[in-house]
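FYI, the numbering just counts along the sequence from 1. Quantities reported herein were computed from a predicted structural model and do not represent experimental measurements.
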Amino acid sequence: MEQQVSEQRHNNMAAIHGKDTKPELMVRKFLFSRGFRYRLNHPRLPGHPDLVLRKYRTVIFVNGCFWHGHENCKYFRMPKTNIDFWQKKITRNKERDLKEQRQLAVMGWHCITVWECQLKPKNRTETLESLAYTLNSIFLENQKVRRTYILPEEESYIAAEPEPETDIP
């Protein structure tokens with residue numbers, strides 16, 4: 001009986017894929033409908049983020065609560081069998097996620113994590129609207145006019161500009 005349960009759990013877990021999950025598709029459809037354009041699973045970035053928005057210098061990870069050990073979430077429960085294996089696996093996943101996000105931040109990327117539980121019907125609209133708001137805020141922050149001041153002694157003239165007039169009587 002135990003062998004049968006173990007085999008069934010193995011088959012269930014093996015059937016879960018890491019790409020094109022329902023939560024990820026939900027985020028992608030929402031962003032695309034709002035005019036955000038992105039690339040999927042960029043191979044050159046640490047962690048191969050689910051969505052990469054280069055214009056916004058932002059990456060989005062859509063994480064499953066179970067696989068990434070979402071703290072204080074009702075959708076994350078440690079399995080009752082093979083506890084040692086699952087604890088190590090989920091701890092490794094969390095450590096890897098943190099390391100990859102730090103690497104991305106050092107490279108100048110904004111990292112956003114959307115959790116599976118945040119996309120349940122009760123919170124979905126609020127989460128997606130918040131995501132759009134955050135992306136727009138990042139864009140506006142990056143587009144701010146940065147004024148540079150030239151000190152008088154550092155002034156120079158542009159080639160197409162006429163020479164300054166001298167006092168001619």
Side-chain angles (χ1 to χ4, degrees), residues 1-139 141:
M1 182 68 179
E2 178 63 33
Q3 177 62 26
Q4 185 180 7
V5 170
S6 176
E7 191 174 316
Q8 182 182 6
R9 172 166 287 134
H10 171 77
N11 292 335
N12 287 344
M13 294 301 188
I16 298 171
H17 298 287
K19 294 181 183 178
D20 299 330
T21 61
K22 284 182 184 179
E24 185 182 330
L25 291 173
M26 199 178 302
V27 172
R28 284 165 36 184
K29 285 180 182 180
F30 173 81
L31 290 177
F32 194 87
S33 73
R34 292 297 180 93
F36 294 99
R37 299 300 180 253
Y38 48 81
R39 294 285 172 255
L40 302 176
N41 310 104
H42 197 288
R44 290 195 211 151
L45 291 177
H48 307 284
D50 297 316
L51 302 167
V52 178
L53 294 93
R54 286 182 53 197
K55 178 178 177 180
Y56 302 84
R57 199 97 177 118
T58 301
V59 298
I60 300 173
F61 293 94
V62 182
N63 287 350
C65 295
F66 173 76
W67 296 103
H68 296 270
H70 191 196
E71 298 292 325
N72 302 319
C73 175
K74 70 179 186 177
Y75 299 102
F76 171 65
R77 284 200 186 84
M78 195 62 67
K80 299 208 184 324
T81 58
N82 207 2
I83 296 168
D84 189 43
F85 168 79
W86 287 110
Q87 282 180 334
K88 286 179 183 174
K89 178 166 186 59
I90 291 168
T91 300
R92 276 193 320 266
N93 287 350
K94 289 167 78 171
E95 290 168 355
R96 184 195 64 228
D97 291 346
L98 188 60
K99 178 183 165 208
E100 290 165 350
Q101 288 187 8
R102 284 184 179 148
Q103 288 175 329
L104 287 162
V106 167
M107 294 168 68
W109 290 89
H110 299 275
C111 297
I112 298 173
T113 300
V114 178
W115 291 97
E116 176 186 15
C117 63
Q118 293 174 319
L119 296 171
K120 298 293 182 188
K122 181 179 177 185
N123 302 327
R124 183 179 304 151
T125 304
E126 183 181 345
T127 299
L128 294 174
E129 290 297 334
S130 175
L131 180 60
Y133 178 83
T134 301
L135 289 171
N136 285 321
S137 297
I138 289 169
F139 181 74
E141 185 64 32

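Note: T21 OG1 to N63 CG = 9.5 Å, rounded to the nearest 0.5 Å. Note that the OH atom of Y75 and the NE2 atom of H70 stand 11.5 Å from one another [nearest 0.5 Å]. With rounding to the nearest 0.5 angstrom, the CG atom of L104 is 9.5 Å from the CZ atom of R57. A distance of 4.0 Å separates CE in M78 from CD1 in I90, rounded to the nearest 0.5 Å. With rounding to the nearest 0.5 Å, the separation of CZ in F76 from SG in C65 is 9.5 Å.
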Next on the checklist: Run the side chain to side chain contact (heavy atoms under 4.5 Å, CB included) test on R77 and F66 for me, step by step, so that the C-alpha distance in whole Å, both residues' side-chain angles and the decisive distance to 0.1 Å come before the verdict.
Outcome noted: CA-CA 7 Å; R77 284 200 186 84; F66 173 76; over 6 Å; no
Next on the checklist: Pair I60, L31 - check side chain to side chain contact (heavy atoms under 4.5 Å, CB included), show working.
Outcome noted: CA-CA 11 Å; I60 300 173; L31 290 177; 3.8 Å; yes
Item to check | side chain to side chain contact (heavy atoms under 4.5 Å, CB included) between L128 and L119, worked out | outcome: CA-CA 8 Å; L128 294 174; L119 296 171; 3.9 Å; yes
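Residue pairs satisfying the salt bridge (Lys or Arg N to Asp or Glu O under 4.0 Å) criterion with at least one member in residues 37-49, sequence neighbours excluded, are absent. Counting only residues at least two apart or on different chains, the side chain to side chain donor-acceptor pair (under 3.5 Å) pairs with a member in residues 118-137 are R34-E129. Pairs passing the side chain to side chain donor-acceptor pair (under 3.5 Å) check and including a residue from residues 93-113, sequence neighbours excluded, read H68-D97, E71-K94, N93-R96, Q101-T113. Every pair passing ring-ring contact (aromatic ring centres under 6.0 Å, His included) that includes a residue from residues 44-63 is listed here, sequence neighbours excluded: F36-Y56, Y56-F139. Among pairs with a residue in residues 104-119, none fulfils salt bridge (Lys or Arg N to Asp or Glu O under 4.0 Å), at least two apart in sequence or across chains.
The side-chain heavy atoms of K55 and Y38, taken from C-beta on, include no pair separated by under 4.5 Å. Taking the side chain as every heavy atom from C-beta outward, L51 and I112 never approach each other to under 4.5 Å. Looking only at side-chain heavy atoms (C-beta outward), L40 and D50 stay at 4.5 Å or farther from each other.
The side-chain contact (heavy atoms from CB on, under 4.5 Å) test with F85 is passed by exactly one of T81, I83, N82: N82.
The minimum heavy-atom distance linking G64 with W115 is given by the pair O-CZ3, 3.9 Å. The two residues E24 and V62 come nearest to each other via the heavy atoms N-CG1, 3.8 Å.
By the side chain to side chain donor-acceptor pair (under 3.5 Å) test, D84 pairs with K88, sequence neighbours left out.
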